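Below is one structure, written out as structure tokens; the observations come after it.
All values below come from the heavy atoms of this structure, side chains included, with hydrogens, waters and symmetry mates left out. Computed from a prediction, not measured in an experiment: that's the story for all the values here.
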Amino acid sequence: MDGIHDLGGKHGFGTVEVEADEPVFHDRWEAAVFAISRAGSVAGAWNNSDRFRHGIERIDPVAYLSHGYYGRWLGGIENLMVEAGLITQTEISERALELGASASALIAARPSNNPDPLAPVESRQTARRTGTGVPRYAVGDAIITSTQVKPGHTRLPAYARGKRGTVVALLGSWVYPDTNAHGQGEQPQHLYTVAFDGQTLWGEDADPMVEVRLDLFEPYLRFSQQET
């Protein structure tokens, strides 16, 4: 989906700062959020990682930029738990106020009034699948990525839409996140590694020596002579 979470390739955010000897959790509450994420899945608020990611994508944009990594998780978890009927936003807010939260504090969660259904899933060790037919593309094929992205979860980043690249690897068939996140089933699709020239993605100011490789699903791709 188009949203604040899709930050790849955007200007103005500076370099990625790497913290030396970074701890797993900076504060105790982050560990609590991690534990809640495990419990929420067991309780049935979501049943796959794609749905979990989409829950995070839908939080308040300001919260996404300011609440930090596990703060984003917490907002996404609240979205999914409320949508699953496990708890209400009122109950969460009342408890937060009891614990000293401000009544004017920004609430990250934006649960849907009409959430997607939870589709049954089969427990498997990986998301790789078989039996999806012959891949449409081969190594060396020139492709162009789609610009027609449906609302909802997708793994095609905005900076790589409508861009020409070359298939450099076939990765087999995998669960399709665009449907799996929305209760529409796994609908496995062929996955490819596609190489893009940096200047194709970011213009002439980009380093001419940069090549970016993305793993992209077959529905995102067209032969380069076709319309996107």
How about [X] and [Y]: do any of their side-chain heavy atoms sit closer than 4.5 Å?
{"X": "Pro111", "Y": "Glu78", "value": "no"}
{"X": "Tyr137", "Y": "Leu170", "value": "no"}
{"X": "Ile92", "Y": "Val82", "value": "yes"}
{"X": "Arg213", "Y": "Val168", "value": "yes"}
{"X": "Asp178", "Y": "Val149", "value": "no"}
{"X": "Ile59", "Y": "His67", "value": "no"}
{"X": "Tyr159", "Y": "Leu214", "value": "yes"}

Short question: side chain of Asn180, backbone of Asn48 - any donor-acceptor pair under 3.5 Å?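 Here the side-chain-to-backbone pair does not exist.
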
Tell me whether Asn79 contacts the main-chain N or O of Gly55 through its side chain, where contact means a donor paired with an acceptor under 3.5 Å.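 Looks like yes, one N/O pair under 3.5 Å.
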
For the hydrophobic clusters of this structure (ILVMFWY residues joined by side-chain heavy atoms under 4.5 Å, transitively), does one cluster hold both [X] and [Y]?
{"X": "Ile36", "Y": "Val24", "value": "yes"}
{"X": "Tyr64", "Y": "Val62", "value": "no"}
{"X": "Ile143", "Y": "Tyr176", "value": "yes"}
{"X": "Leu171", "Y": "Leu221", "value": "yes"}
{"X": "Ile77", "Y": "Phe25", "value": "yes"}

Side chain to side chain contact (heavy atoms under 4.5 Å, CB included) between Val212 and Thr200, intermediate numbers included: CA-CA 10 Å; Val212 177; Thr200 296; over 6 Å; no

Any chance you could measure [X], atom [atom1], to [Y], atom [atom2], to the nearest 0.5 Å?
{"X": "Glu211", "Y": "Asp197", "atom1": "CD", "atom2": "CG", "answer": "8.0 Å"}
{"X": "Ile4", "Y": "Glu57", "atom1": "CD1", "atom2": "CD", "answer": "12.5 Å"}
{"X": "Trp202", "Y": "His11", "atom1": "CH2", "atom2": "NE2", "answer": "9.0 Å"}
{"X": "Asp116", "Y": "Leu118", "atom1": "CG", "atom2": "CG", "answer": "9.0 Å"}
{"X": "Ile56", "Y": "Leu80", "atom1": "CD1", "atom2": "CG", "answer": "8.5 Å"}
{"X": "Thr145", "Y": "Arg164", "atom1": "OG1", "atom2": "CZ", "answer": "9.5 Å"}

[X] to [Y] - nearest heavy-atom pair and separation:
{"X": "Tyr220", "Y": "Thr154", "result": "OH-OG1, 3.3 Å"}
{"X": "Pro115", "Y": "Asn113", "result": "CD-C, 3.5 Å"}
{"X": "Gly75", "Y": "Ala108", "result": "CA-CB, 4.0 Å"}
{"X": "Gly183", "Y": "Ala119", "result": "O-CB, 3.3 Å"}
{"X": "Arg128", "Y": "Gly172", "result": "NH2-CA, 3.7 Å"}
{"X": "Ala206", "Y": "Gly198", "result": "CB-O, 3.7 Å"}

Applying the side chain to side chain donor-acceptor pair (under 3.5 Å) test to Arg58, which of His5, Glu83, His153 qualifies?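 In the set His5, Glu83, His153, the residue that makes a side chain to side chain donor-acceptor pair (under 3.5 Å) with Arg58 is Glu83.
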
Taking only residues at least two apart or on different chains, which pairs with a member in residues 90-102 satisfy side chain to side chain donor-acceptor pair (under 3.5 Å)?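 Residue pairs passing side chain to side chain donor-acceptor pair (under 3.5 Å), neighbours aside: Thr88-Glu91, Arg95-Glu98, Ser102-Ser104.
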
Side chain to side chain donor-acceptor pair (under 3.5 Å): which pairs involve residues 20-45, sequence neighbours left out?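 Found Glu19-His26.
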
Looking at residues at least two apart in the chain, or sitting in another chain, which of them share a side chain to side chain donor-acceptor pair (under 3.5 Å) with Tyr192?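 Partners of Tyr192 under the side chain to side chain donor-acceptor pair (under 3.5 Å) test: Glu218.
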
Side chain to side chain donor-acceptor pair (under 3.5 Å) partners of Arg72, counting only residues at least two apart: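 For Arg72 there are no side chain to side chain donor-acceptor pair (under 3.5 Å) partners, ignoring immediate neighbours.
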
Under the side chain to side chain contact (heavy atoms under 4.5 Å, CB included) test, which residues partner [X], sequence neighbours left out?
{"X": "Pro188", "value": "Arg129, Thr132, Glu186"}
{"X": "Thr166", "value": "none"}
{"X": "Thr15", "value": "none"}
{"X": "Ala84", "value": "Ala45, Leu86"}

Tell me every residue that passes salt bridge (charged side-chain N to carboxylate O under 4.0 Å, His left out) with [X], counting only those two or more places apart in sequence or in another chain.
{"X": "Arg51", "value": "none"}
{"X": "Asp50", "value": "Arg53, Arg155"}
{"X": "Arg110", "value": "Asp60"}
{"X": "Asp2", "value": "Arg161"}

Determine, stepwise, if the pair Asp215 / Trp174 fulfils side chain to side chain contact (heavy atoms under 4.5 Å, CB included). CA-CA 11 Å; Asp215 293 341; Trp174 296 78; over 6 Å; no

Neighbour count above 12 (heavy atom, 6.0 Å) for Ile107 CD1: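 Open.
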
Count the heavy atoms of every other residue, nucleotide or ligand shown that sit under 6.0 Å from CG of Asp205, and state whether that count exceeds 12.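 Atom CG in Asp205 is not crowded, with 12 or fewer foreign heavy atoms closer than 6.0 Å.
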
Do the rings of His182 and His54 sit parallel, tilted or perpendicular, given the 30° and 60° boundaries?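 The rings of His182 and His54 stand perpendicular, inter-plane angle above 60°.
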
Using 30° and 60° as the class boundaries, would you call the ring planes of Tyr69 and Trp73 parallel, tilted or perpendicular?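 Ring orientation of Tyr69 relative to Trp73: tilted.
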
